[in-house]
Engineer: 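Pasting a structure here, questions to come.
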Amino acid sequence: MIDVNYSLRIAYQTALNECIPGVVAFYGAVPGTVSPDTYIIIRSITNTDASTMNSSDTDTTVTVEIQTWTDGSNSGLTADLIAREVFNRVLPNPSGILTADGMQIISTRLLNDNTPPPVSQANRVYQSRVLTFGHKIYLRSDIS
């Protein structure tokens, strides 16, 4: 099996970074040196071997978390607008897919879309939206 994580995370960061001006996409966590009020985190990548006798394939999930906070109240509108743009870039249609080095993403679908209740801390209200995408990936070459 060929490792797809690095290429896939670069593809997601490239597609989602500045999808809306000022909204930055990070992998794993926000660096401690910045404190944006809206951002995207590519939270996790999970692969399951789906190879056949003739091909090297994976069923892969990628979790994208959108985080927003405002002082006072947070209607969630900003998270929804960012999610709309994430859909436009990751899943414009079932065959409209990301491109990544060393692989062909055969299909993409939304597996889960979760909007947890807002969280209040002091005067800030945090609203998140968590999207999980599923990909069927055909591995073309070892790029390690």
Engineer: Locate the shortest heavy-atom distance separating Cys19 from Glu85; write the atom from each residue and the value.
Structural biologist: O-CG, 3.4 Å
Engineer: How about Leu131 and Asn112: do any of their side-chain heavy atoms sit closer than 4.5 Å?
Structural biologist: no
Engineer: Report yes or no: do Ile66 and Leu110 belong to one cluster of Ile/Leu/Val/Met/Phe/Trp/Tyr joined by side chain heavy-atom distances under 4.5 Å?
Structural biologist: yes
Engineer: Between Trp69 and Ser120, is there a donor-acceptor pair closer than 3.5 Å when you use the side chain of the first and the backbone of the second?
Structural biologist: no
Engineer: May I ask whether Val130 and Ile20 are part of the same hydrophobic cluster, defined by side-chain heavy atoms of I, L, V, M, F, W, Y residues being less than 4.5 angstrom apart, directly or through others?
Structural biologist: no
Engineer: Are Tyr39 and Ile82 co-members of a hydrophobic cluster defined by side-chain heavy atoms under 4.5 Å apart?
Structural biologist: no
Engineer: May I ask you to test the Val30-Ser35 pair for a side-chain heavy-atom distance under 4.5 Å?
Structural biologist: no
Engineer: Are Val86 and Tyr12 side-chain neighbours, meaning at least one heavy-atom pair lies under 4.5 Å?
Structural biologist: no
Engineer: Are there over 12 heavy-atom neighbours, none belonging to Tyr126, within less than 6.0 Å of that residue's OH?
Structural biologist: yes
Engineer: Is any side-chain heavy atom of Phe26 closer than 4.5 Å to one of Pro31?
Structural biologist: yes
Engineer: Donor-acceptor pair, Asp59 side chain versus Lys136 backbone, under 3.5 Å?
Structural biologist: no
Engineer: Would you say the side chain of Leu16 lies within less than 4.5 Å of the side chain of Val64, judging by non-hydrogen atoms?
Structural biologist: yes
Engineer: For Leu8 and Ile105, what are the C-alpha separation, side-chain angles and deciding distance, and is it a side chain to side chain contact (heavy atoms under 4.5 Å, CB included)?
Structural biologist: CA-CA 10 Å; Leu8 200 54; Ile105 301 173; 4.0 Å; yes
Engineer: Could you go through Asp37 and Thr68, starting from their C-alpha distance and side-chain angles, then the distance that decides it, and tell me whether this counts as side chain to side chain contact (heavy atoms under 4.5 Å, CB included)?
Structural biologist: CA-CA 6 Å; Asp37 58 356; Thr68 66; over 6 Å; no
Engineer: State plainly whether one hydrophobic cluster holds both Leu111 and Leu91, where clusters connect Ile, Leu, Val, Met, Phe, Trp and Tyr through side-chain heavy atoms under 4.5 angstrom apart.
Structural biologist: no
Engineer: Could you tell me if Thr52 and Asn54 have a donor-acceptor pair between their side chains, going purely by distance under 3.5 Å?
Structural biologist: no
Engineer: Looking at side-chain heavy atoms only, is the closest gap between Asn17 and Val24 below 4.5 Å?
Structural biologist: yes
Engineer: For Val23 and Glu18, run side chain to side chain contact (heavy atoms under 4.5 Å, CB included): C-alpha distance rounded to whole Å, both residues' side-chain angles, the deciding distance at 0.1 Å, then the answer.
Structural biologist: CA-CA 5 Å; Val23 177; Glu18 295 285 330; over 6 Å; no
Engineer: Has the side chain of Ser51 got a donor or acceptor atom that lies under 3.5 Å from a matching backbone atom of Asp57?
Structural biologist: yes
Engineer: Apply the test side chain to side chain contact (heavy atoms under 4.5 Å, CB included) to residues Ile45 and Tyr27: give CA-CA distance (whole Å), side-chain angles for both, the deciding distance (0.1 Å), then the verdict.
Structural biologist: CA-CA 10 Å; Ile45 299 173; Tyr27 180 76; 4.0 Å; yes
Engineer: Are Glu65 and Ile40 packed together at the side-chain level, in the sense that at least one heavy-atom pair is separated by less than 4.5 angstrom?
Structural biologist: no
Engineer: For the backbone of Gly28 and the side chain of Arg43, can you confirm whether one donor and one acceptor N or O come within less than 3.5 Å of each other?
Structural biologist: yes
Engineer: Hey, does the side chain of Thr58 reach the backbone of Thr48 with a donor-acceptor pair shorter than 3.5 angstrom?
Structural biologist: no
Engineer: Does Gln127 use its side chain to pair, donor to acceptor, with the backbone of Pro116 at less than 3.5 Å?
Structural biologist: yes
Engineer: Please examine the side chains of Phe133 and His135, heavy atoms only from C-beta on, and report whether any two atoms are closer than 4.5 Å.
Structural biologist: yes
Engineer: Would you compute the distance between atom CE of Met103 and atom OG of Ser56 and round it to the nearest 0.5 angstrom?
Structural biologist: 10.5 Å
Engineer: Are any side-chain N or O atoms of Arg89 and backbone N or O atoms of Ala15, one a donor and one an acceptor, separated by less than 3.5 Å?
Structural biologist: yes
Engineer: Is a side-chain donor or acceptor of Asn74 paired with a backbone partner of Val125 at a separation under 3.5 angstrom?
Structural biologist: yes
Engineer: Between Ala25 and Gln13, which heavy-atom pair has the shortest distance, and what is it?
Structural biologist: O-NE2, 3.4 Å
Engineer: Looking at Arg129 and Asp80, is any side-chain nitrogen of the basic one under 4.0 Å from a carboxylate oxygen of the acidic one?
Structural biologist: yes
Engineer: Pick from Asn5, Thr46, Asn47: which one makes a side-chain contact (heavy atoms from CB on, under 4.5 Å) with Thr60?
Structural biologist: Asn47
